4 protein chains.
Amino acid sequence: MSTTADRSRRLGAKGNRTRQRILDAAETVFVELGYHDASIVKITEAAGVAQGTFYIYFAGKRELFEELVDDLNRRVRQAMTTASESGGSRLAAERAGFAAYFAFVAEHPGLYRIMRQAEFVAPRQLRQHYDRIVSGYTKRLRAAMDSGEIPPGEPELMAWALMGLGEMAGMRWVLWHDNEPVPDDVLAGTASVVARILGVQE
Amino acid sequence: MSTTADRSRRLGAKGNRTRQRILDAAETVFVELGYHDASIVKITEAAGVAQGTFYIYFAGKRELFEELVDDLNRRVRQAMTTASESGGSRLAAERAGFAAYFAFVAEHPGLYRIMRQAEFVAPRQLRQHYDRIVSGYTKRLRAAMDSGEIPPGEPELMAWALMGLGEMAGMRWVLWHDNEPVPDDVLAGTASVVARILGVQE
Amino acid sequence: MSTTADRSRRLGAKGNRTRQRILDAAETVFVELGYHDASIVKITEAAGVAQGTFYIYFAGKRELFEELVDDLNRRVRQAMTTASESGGSRLAAERAGFAAYFAFVAEHPGLYRIMRQAEFVAPRQLRQHYDRIVSGYTKRLRAAMDSGEIPPGEPELMAWALMGLGEMAGMRWVLWHDNEPVPDDVLAGTASVVARILGVQE
Amino acid sequence: MSTTADRSRRLGAKGNRTRQRILDAAETVFVELGYHDASIVKITEAAGVAQGTFYIYFAGKRELFEELVDDLNRRVRQAMTTASESGGSRLAAERAGFAAYFAFVAEHPGLYRIMRQAEFVAPRQLRQHYDRIVSGYTKRLRAAMDSGEIPPGEPELMAWALMGLGEMAGMRWVLWHDNEPVPDDVLAGTASVVARILGVQE
DNA sequence: AATGAATGAGAGTTCATTCAT
DNA sequence: TATGAATGAACTCTCATTCAT
């Protein structure tokens with residue numbers, strides 16, 4: 001009963017490659033079929049390795065899933081931070097962050113599907129996912145209030161409102177539309193609502 | 001391969017009672033364990049009937065789940081409509097609706113858990129759930145714009161923003177807090193963000 | 001645990017009608033689905049009665065099936081006897097019997113299907129079915145030999161050969177051809193083989 | 001949902017041995033109990049493997065059965081061909097074939113029982129079974145007619161008559177007699193009827 | 001004479017995981 | 001490092017049958 005971390009120590013180059021192959025295959029299969037219908041057989045088949053090989057690199061199905069959730073969280077936050085750090089006003093930055101978020105969702109539509117599964121399968125990781133994104137939002141909003149760039153308000157609730165808007169709009173216009181990018185007018189509408197939540201004029 | 005509807009026709013009083021017992025037990029078990037870990041055995045045990053009895057009333061596990069999702073949707077919309085029809089300004093009404101929504105979530109915290117499961121298990125019902133709530137919002141927002149009660153805006157995006165705020169705040173303050181009612185200051189904060197989304201002063 | 005016979009005593013007119021309705025429905029369902037896929041639910045549904053009603057008239061599924069096999073045997077033998085008693089030479093009579101047999105099979109194609117099922121479900125009845133038909137054949141063949149109408153031979157084996165020819169031709173040209181009547185040239189060919197088995201010139 | 005063929009590719013020596021063990025056990029159990037009463041539990045118990053092991057090698061119960069039917073067909077045809085190719089007249093060859101057929105049935109009495117089940121379970125395979133044997137007969141009969149060895153006739157119907165005789169005699173004297181070999185006088189009688197069907201003097 | 005409700009054993013099948021090689 | 005083979009518990013669902021009304 002060793003952990004996934006144990007098993008990943010001291011991997012040679014070949015081992016690392018195999019590990020990554022499994023990880024990639026798993027993302028594909030989880031996204032397509034959901035956590036429960038994604039069997040180890042299917043994942044290892046997709047990765048082109050034997051079933052036994054899986055357990056050399058991962059402690060189990062759940063642990064693999066948890067790692068995947070954490071990965072996604074890291075990637076989405078990086079995309080958003082990069083975009084919103086490009087300078088400009090708080091509003092411009094937040095809008096850029098939103099656009100990056102939508103772009104990320106459009107490119108990795110599985111994000112939602114995977115996150116929704118996490119409710120029961122990896123609740124700790126799910127909570128962390130939201131917590132991290134929201135606390136990033138909150139920190140930036142609070143700073144903008146302090147600097148007078150946006151009017152005072154409830155930064156945490158505003159942050160959750162932004163999070164919720166992203167989730168819903170992503171679901172509505174990306175997931176429900178065969179993963180096409182969000183149309184421009186919706187993007188504009190979203191920007192307008194973001195402005196209202198921030199309490200600034202467009 | 002008869003449908004659930006087929007099986008529910010011509011039920012006597014006793015049959016209807018049994019059906020309801022199963023339905024209630026199923027809600028409890030689904031909420032606690034999630035769709036996949038909720039087995040028919042556990043559900044029928046909780047209902048106090050034999051396994052075979054289940055299939056007298058339902059076509060299968062999935063169908064039962066779908067019915068449950070539809071049920072929840074009906075109940076939550078009724079709670080919201082009742083609350084927001086109590087008169088007053090659009091903002092007051094919408095706030096009342098939100099309060100009702102939170103109250104409902106606090107009383108039936110399983111709502112979220114069940115809905116999140118639906119992404120893979122009953123996607124049609126899930127979509128309908130959001131669609132119906134959002135189209136209610138949208139209609140009311142549009143009417144309020146027409147009457148000049150709230151400034152013009154993108155009613156549909158505003159509706160999704162409200163939906164997202166409800167989802168996130170419900171998750172954050174109800175689900176993550178052992179289903180306690182939402183604290184007053186959060187309720188106030190929410191109301192403030194709702195006002196901003198509607199574009200009105202508090 | 002009373003027998004089917006017990007249950008059929010002292011039936012009123014209404015009861016007899018219900019019994020017959022079930023019997024007819026059962027034949028249809030057995031023929032279509034085979035013994036095992038024909039459930040009591042389907043049979044009673046087809047008969048338009050409740051499940052419980054079935055057990056007023058029959059001791060069980062197997063017993064019902066056995067009765068059906070016996071029924072079929074009675075009917076097919078009656079059809080053959082009637083046809084072959086119409087006078088003429090032994091060959092003419094036997095040919096008439098064959099024609100009657102084919103006609104019966106074409107009209108009741110389920111005969112085969114049901115009989116094949118009987119191998120495991122009602123072996124005694126199946127054996128009786130063949131025994132009775134063959135012993136009829138044998139008796140008539142022996143009489144024809146004694147009277148010098150056909151040359152001497154092994155009556156019992158000839159009888160089984162006739163039986164086998166009927167079975168195979170029925171399967172090949174009736175069952176495998178959507179229950180169309182046997183085409184004339186096949187009928188002629190059969191008659192020719194029958195003549196050979198009997199040892200007479202055509 | 002992979003096929004049996006899929007699962008049998010790339011089997012090592014050990015795997016092939018296990019597969020054969022299951023196949024053998026299945027034949028025994030099917031023959032004894034019939035298709036429906038032969039459960040996977042009983043088959044795997046008889047084979048001495050776990051239930052899950054079954055599905056490593058076979059796509060399902062039906063597929064296993066179909067393979068068994070095809071196997072039997074192959075074996076019986078090989079036995080017949082070998083025997084009837086030993087030279088001599090057409091009649092002598094056909095008699096040898098019959099003897100081989102009876103011997104095979106006596107040695108593998110399950111043949112019948114399994115074939116009869118196939119009517120509903122694997123109709124395609126059943127039809128192929130008969131078709132192949134009969135078309136072998138037909139071809140040989142036609143050749144014998146062309147060479148003048150046997151008088152002209154309807155080769156296909158004669159073939160079905162031979163098939164039917166084999167089936168019935170096999171059932172009557174092998175199956176109904178605890179699988180004893182066919183007694184000599186019956187064998188002689190059969191040979192006599194075969195001669196008649198072929199249209200030759202004994 | 002008839003019914004609707006209930007039963008529970010047993011069916012076929014899947015799957016995460018282990019292990020000898 | 002990788003594999004193929006094996007496991008067995010758990011799953012959803014079916015069905016002949018019984019029984020109170």
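Order of the sequence lines fixes the chain letters, A, B, ..., with proteins taken first and strands second; residue numbering starts at 1 for each chain. Because the structure is predicted, anything quoted here is derived from the model rather than measured.
A donor-acceptor contact shorter than 3.5 Å is absent between the side chain of B:R62 and the backbone of B:A122. Side-chain atoms of B:T4 come within 3.5 Å of backbone atoms of B:A59 as a donor-acceptor pair (strictly under, hydrogens ignored). With hydrogens and angles ignored, the 3.5 Å screen pairs a side-chain donor or acceptor of D:R7 with a backbone N or O of D:F58.
Per the geometry, CD1 belonging to D:I22 stands 13 Å off C1' belonging to F:dT7, to the nearest Å. If you take CZ of B:R21 and C1' of E:dA5, they are 12 Å apart, rounded to a whole angstrom.
Along DNA chain E, the nucleotide closest to A:S39 and the one closest to B:K14 are compared, and the more 5′ of them pairs with B:K14.
Side-chain contact between D:L72 and D:H129 is absent, with no heavy atoms from C-beta onward closer than 4.5 Å. Counting only heavy atoms from C-beta outward, the side chains of C:D70 and C:Q128 approach each other to under 4.5 Å. At least one side-chain heavy atom of B:I114 sits less than 4.5 Å from a side-chain heavy atom of B:V31. Taking the side chain as every heavy atom from C-beta outward, B:I40 and B:Y55 approach each other to under 4.5 Å.
For B:E66, there are no salt bridge (charged side-chain N to carboxylate O under 4.0 Å, His left out) partners, not counting sequence neighbours. Looking at residues two or more places apart in sequence or on another chain, you find a salt bridge (charged side-chain N to carboxylate O under 4.0 Å, His left out) between B:R75 and B:E27.
Only at 4.0 angstrom or more do the heavy atoms of residues 41-48 of chain A sit from any atom of DNA chain E, so none qualifies. For DNA chain E, none of the residues of residues 26-37 of chain A falls under the heavy-atom distance limit of 4.0 Å. Contacts between residues 52-71 of chain B and DNA chain F, defined by a heavy-atom separation under 4.0 Å, are made by B:G52, B:Y55, B:G60, B:K61.
Contacts of B:A13 with the nucleic acid, taken as non-hydrogen atoms under 4.0 Å apart, are absent.
Comment: C:R74 engages C:D71 in a salt bridge, judged by a side-chain N to carboxylate O separation of less than 4.0 angstrom. The existence of a salt bridge linking C:E67 and C:R19 is confirmed by a sub-4.0 Å separation between a basic side-chain nitrogen and an acidic carboxylate oxygen.
Note: A:Y35 and A:F65 have perpendicular aromatic rings, judged against thresholds of 30 and 60 degrees for the angle between ring planes.
In this structure, the nucleotide among E:dA16, E:dT3, F:dG8 sitting nearest to the side chain of D:A50 is F:dG8. Checked against F:dC11, F:dA10, F:dA5, the side chain of D:Q51 finds its nearest nucleotide in F:dA10.
D:Q20 and D:N16 form no side-chain donor-acceptor contact under 3.5 Å, judged by distance and modelled atom types alone.
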For DNA chain F, just give me the dot-bracket, please: Watson-Crick or G-U, both distances below 3.5 Å, ( ) intra-strand, [ ] crossing earlier pairs, | paired with another strand, . unpaired. .||||||||||||||||||||

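Taking 4.0 angstrom as the limit, A:T18 places a side-chain polar atom (N or O) nearer than this to OP1 or OP2 of F:dA2.
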